[in-house]
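Inspection log for the structure reproduced underneath, given as structure tokens.
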Amino acid sequence: MNLKKIALFALLLAVTSVTAASAATYHTPTWGADYTCTYTNPPYPSVDGLSTWVLQSTQFVNNDPIYRTIEYYDASYGTENRKATFAKPVNTYSGTTVLFTTWEFTINPYGPQCKKTDVYGGGQVIYFNNCTDGHTRRCQRLY
């Protein structure tokens with residue numbers, strides 16, 4: 001009888017662990033918040049200044065979210081906007097704590113793509129790295 005209880009407990013623990021692992025929490029930008037961004041080698045017409053990502057839709061592929069957004073940003077001639085996507089999230093952990101989430105960020109429809117976009121602090125800071133056009137960007141949430 002005790003062996004059955006132990007086996008049942010082990011099975012329940014395994015199912016709970018799998019369920020917890022599939023319900024990952026990701027660091028995302030704070031949708032609708034203003035960020036101040038600085039570039040290295042900015043792509044035209046982008047300039048250092050403000051960016052805001054407004055969430056348009058969420059889709060799930062293999063339980064991972066894909067966020068489709070409109071980014072409003074400072075351009076050399078004023079304010080501009082573009083479609084952008086955050087996809088393929090991968091968390092980096094310290095123990096059980098998520099330190100940051102790495103995303104593939106794509107300016108739609110044809111790029112560029114930043115394959116190592118790291119979001120820290122629940123969206124407080126975003127680093128855009130490994131971009132196909134050679135630029136990098138750092139954005140800090142204003143509030």
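The figures that follow rest on heavy atoms only: side chains count, while hydrogens, waters and symmetry mates do not.
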Donor-acceptor pair, distance only, cut-off 3.5 Å: does the side chain of Asn91 make one with the backbone of Thr25? yes
For Tyr110, look at atom OH and say whether over 12 heavy atoms of other residues, nucleotides or ligands are found less than 6.0 Å away. no
Determine, using the 4.5 Å side-chain heavy-atom cutoff (strictly less than), whether Val98 and Val90 are members of one ILVMFWY cluster. no
Side-chain donor/acceptor of Thr69 to backbone N/O of Ala84, under 3.5 Å: yes
My understanding is that only residues two or more places apart in sequence, or in another chain, count here; which of them pass salt bridge (Lys or Arg N to Asp or Glu O under 4.0 Å) with Glu71? Arg82, Arg137
Any pair with a residue in residues 94-115 that passes salt bridge (Lys or Arg N to Asp or Glu O under 4.0 Å), sequence neighbours left out, goes on the list, sorted by first then second residue, please. Lys88-Glu104
Sub-6.0 Å ring centroid separation between Trp53 and Tyr67: no
Nearest heavy-atom approach of Ala33 to Tyr143 is CA-OH, 3.2 Å
Test of understanding: with ring pair (Phe, Tyr, Trp, His ring centres under 6.0 Å), list the residues that count as partners of Tyr39, not counting sequence neighbours. His135
Just to verify, what does Lys116 make a salt bridge (Lys or Arg N to Asp or Glu O under 4.0 Å) with, not counting sequence neighbours? Asp118
Do Ile107 and Ile70 belong together in a cluster built from hydrophobic side chains that touch within less than 4.5 Å? no
Common cluster, Tyr26/Trp31, ILVMFWY with side-chain heavy-atom separation under 4.5 Å: yes
Using a 4.5 Å cut-off between side-chain heavy atoms of Ile, Leu, Val, Met, Phe, Trp and Tyr, which other residues end up in the same hydrophobic cluster as Ile66? Val61
Of Thr30, Leu142, Val125, which is the lone residue that meets side chain to side chain contact (heavy atoms under 4.5 Å, CB included) with Tyr35? Thr30
Membership question, hydrophobic clusters at under 4.5 Å side-chain separation (ILVMFWY): are Phe100 and Trp103 in the same one? no
Honestly curious: do Ile126 and Leu50 fall in one hydrophobic cluster under the side-chain, below-4.5 Å linking rule? no
Pick one: which of Val119, Thr101, Thr102 meets side chain to side chain contact (heavy atoms under 4.5 Å, CB included) with Pro89? Thr101
How close do Pro112 and Asp133 get, heavy atom to heavy atom, and via which atoms? CG-OD2, 3.3 Å
Working note: Asp74 + Thr79, criterion side chain to side chain contact (heavy atoms under 4.5 Å, CB included); need CA distance, chi angles, decisive distance, verdict. CA-CA 5 Å; Asp74 285 342; Thr79 302; 4.1 Å; yes
Going by ring pair (Phe, Tyr, Trp, His ring centres under 6.0 Å), name the residues that satisfy it together with Tyr73, two or more places apart in sequence or in a different chain. none
Are the side chain of Thr52 and the backbone N or O of Tyr72 linked by a donor-acceptor pair below 3.5 Å? no
Quick check for you: to the nearest 0.5 Å, what is the distance between Asp34 atom CG and Gln140 atom CD? 13.0 Å
